[in-house]
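Whatever order the structure lists ligands and atoms in, that order sets their numbers, starting from 1. Because only heavy atoms are used, hydrogens play no part in the values below, and waters and symmetry mates are left out as well, while side chains stay in.
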Amino acid sequence: TTVVAKGRTLRFPEGFVWGAATAAYQIEGAARQDGRGVSIWDTFSRTPGRVADGHTGDVACDHYNRHRDDVRLMRDLGLRAYRFSVAWPRVLPEGAGRVNEAGLAFYDRLVDDLLEAGIAPYATLYHWDLPQALEDAGGWTSRETAYRFAEYAEVVRDRLGDRVKTWLTVNEPWVAAVLGYGIGVHAPGRASAADAFRATHHMLLAHGLAARLLREAGAAEIAITLNLAPVLTPEGLHDPQAPVSAEDAEAVNRIDCLLNRQFLDPALRGEYPREVLEIVERIAGLGHVRDGDLKLIHQPVDLLGINYYTPCVVRARPGAPGSDSYPGSDGIEFSGATGPTTATGWPIVPTALTRLLTRLSRDYPEVGLLVTENGAAFEDVVAGGRVADADRIAFIEGHLRAAYAAIEEGADLRGYLVWSLLDNFEWAEGYHKRFGIVHVDFATQRRLPKDSALWYRDVIARNGLVKDRARRPTLEVVA
Ligand code: PNW
């Protein structure tokens with residue numbers, strides 16, 4: 001709460017979009033209210049053993065019934081944008097066909113409330129809550145699901161498109177395909193590498209179909225949101241100049257292709273990397289990739305949404321089995337970065353965000369960049385009516401410094417959305433991992449802005465960071 005003179009601020013570009021993000025299943029609750037249908041996450045979380053301590057999103061933050069209060073909270077923090085997702089089974093309870101008016105009406109009210117509070121609504125169409133009826137018909141392994149998604153996108157577009165100007169199609173297809181269909185730790189809990197590759201392709205197709213029809217209706221900004229991470233060797237992690245052997249370079253490139261370019265290249269260039277095609281052909285065949293698909297996937301987009309949490313660290317090791325999360329990664333060893341980690345065990349490496357953003361701007365120069373998620377879970381303690389989460393402040397500040405450095409190096413970064421506004425249902429981890437800048441007491445649904453929320457409010461108000469603090473090495477602060 002210090003007042004800072006202008007000259008002492010690390011100022012972000014004018015119009016930089018400051019905001020926060022959430023997702024429907026993680027916050028809404030009201031799972032059986034107003035005609036909402038069942039999603040794969042309802043089924044998955046209600047299946048014993050799938051989610052920590054049997055937690056479900058049945059109630060979550062009860063945001064469905066408290067959205068007015070939550071929008072007021074956002075306004076008090078000064079958010080310029082709020083990224084939420086639309087629950088497909090609220091809009092189309094069976095996934096297709098019958099439209100549920102009450103579900104649409106909820107998003108209608110939410111958007112109006114946001115606009116009234118001066119907050120730009122950023123709508124994500126798919127954040128993992130596939131209608132169960134569509135899963136029963138094959139889910140994302142079926143090509144038909146992409147066409148059902150397009151029909152759903154059209155319904156939402158027709159209802160909200162006069163007021164929602166920024167649309168995000170699909171959130172993190174890598175996580176949804178690999179964790180959901182490849183290794184089964186997320187819904188729908190299937191475990192087949194071949195299915196994961198089919199799901200990936202169909203989600204990309206879904207993105208292309210939706211982007212096209214959003215464009216037809218004159219949407220101002222269309223984006224895909226990807227979980228992206230620099231792939232680095234242990235030596236290269238903190239030293240970009242470190243020499244890399246030919247074997248390590250091959251390992252890095254292979255994982256970069258599977259994690260990043262498998263999604264970036266089809267969406268932004270209309271092609272799969274050769275390395276990806278070779279692996280997919282070997283594991284799943286290429287029967288699911290039809291003529292014309294890549295042209296459909298490659299729609300003009302305005303923004304690339306980047307969800308960044310931690311880098312991916314690999315090296316070549318002959319004979320290593322690889323990772324189930326990366327089919328085709330045999331001969332590669334995955335190791336975490338060293339140094340401090342968050343409560344999810346993810347190493348904290350802000351410099352990797354600079355490298356990611358500069359690389360994306362260099363390799364995909366036509367698209368603007370938007371950090372659609374970045375944030376951290378820590379062991380928060382409520383004491384004296386306050387959550388003194390200095391570790392989260394240090395995390396966010398370090399990553400904003402890193403983002404600023406990328407902008408200085410020429411990256412076309414348009415904004416930053418912190419994950420997350422509220423503590424919420426953290427998928428397979430249930431409610432144990434708290435990512436919010438606002439604390440939620442799940443017994444009473446009381447919201448309490450953490451110190452990080454108050455700090456973020458000040459960052460937004462001055463459109464930047466305090467310089468002196470910026471000189472402090474972030475990792476020391478965290479440790
Ligand atoms: C992203 N992983 O999920 C999602 O978009 C959010 O819904 C989520 O709450 C947030 O990041 C924090 O986890 C991920 O295991 C979940 O690699 C899991 C992984 C990556 C991203």
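Between Asp380 and Arg392 there is a salt bridge, with a side-chain nitrogen of the basic residue lying less than 4.0 Å from a carboxylate oxygen of the acidic one. Comment: Asp69 does not engage Arg447 in a salt bridge, judged by the lack of any side-chain N to carboxylate O separation of less than 4.0 angstrom.
Note on residues 326-341: pairs passing salt bridge (Lys or Arg N to Asp or Glu O under 4.0 Å), not counting sequence neighbours, are Arg315-Glu333, Arg317-Glu333. Screening residues 197-209 for salt bridge (Lys or Arg N to Asp or Glu O under 4.0 Å), with sequence neighbours left out, gives Asp195-Arg198.
Residues that satisfy the side chain to side chain donor-acceptor pair (under 3.5 Å) test with Arg36, not counting sequence neighbours, are Asp42.
Protein residues having at least one heavy atom under 4.0 Å from any atom of ligand 1 are Gln26, His127, Trp128, Asn171, Glu172, Val175, Leu179, Asn307, Tyr309, Trp346, Glu373, Trp419, Glu426, Trp427, Phe435, listed by chain and number.
Between the side chain of Asp423 and the backbone N or O of Val440 there is at least one donor-acceptor pair closer than 3.5 Å.
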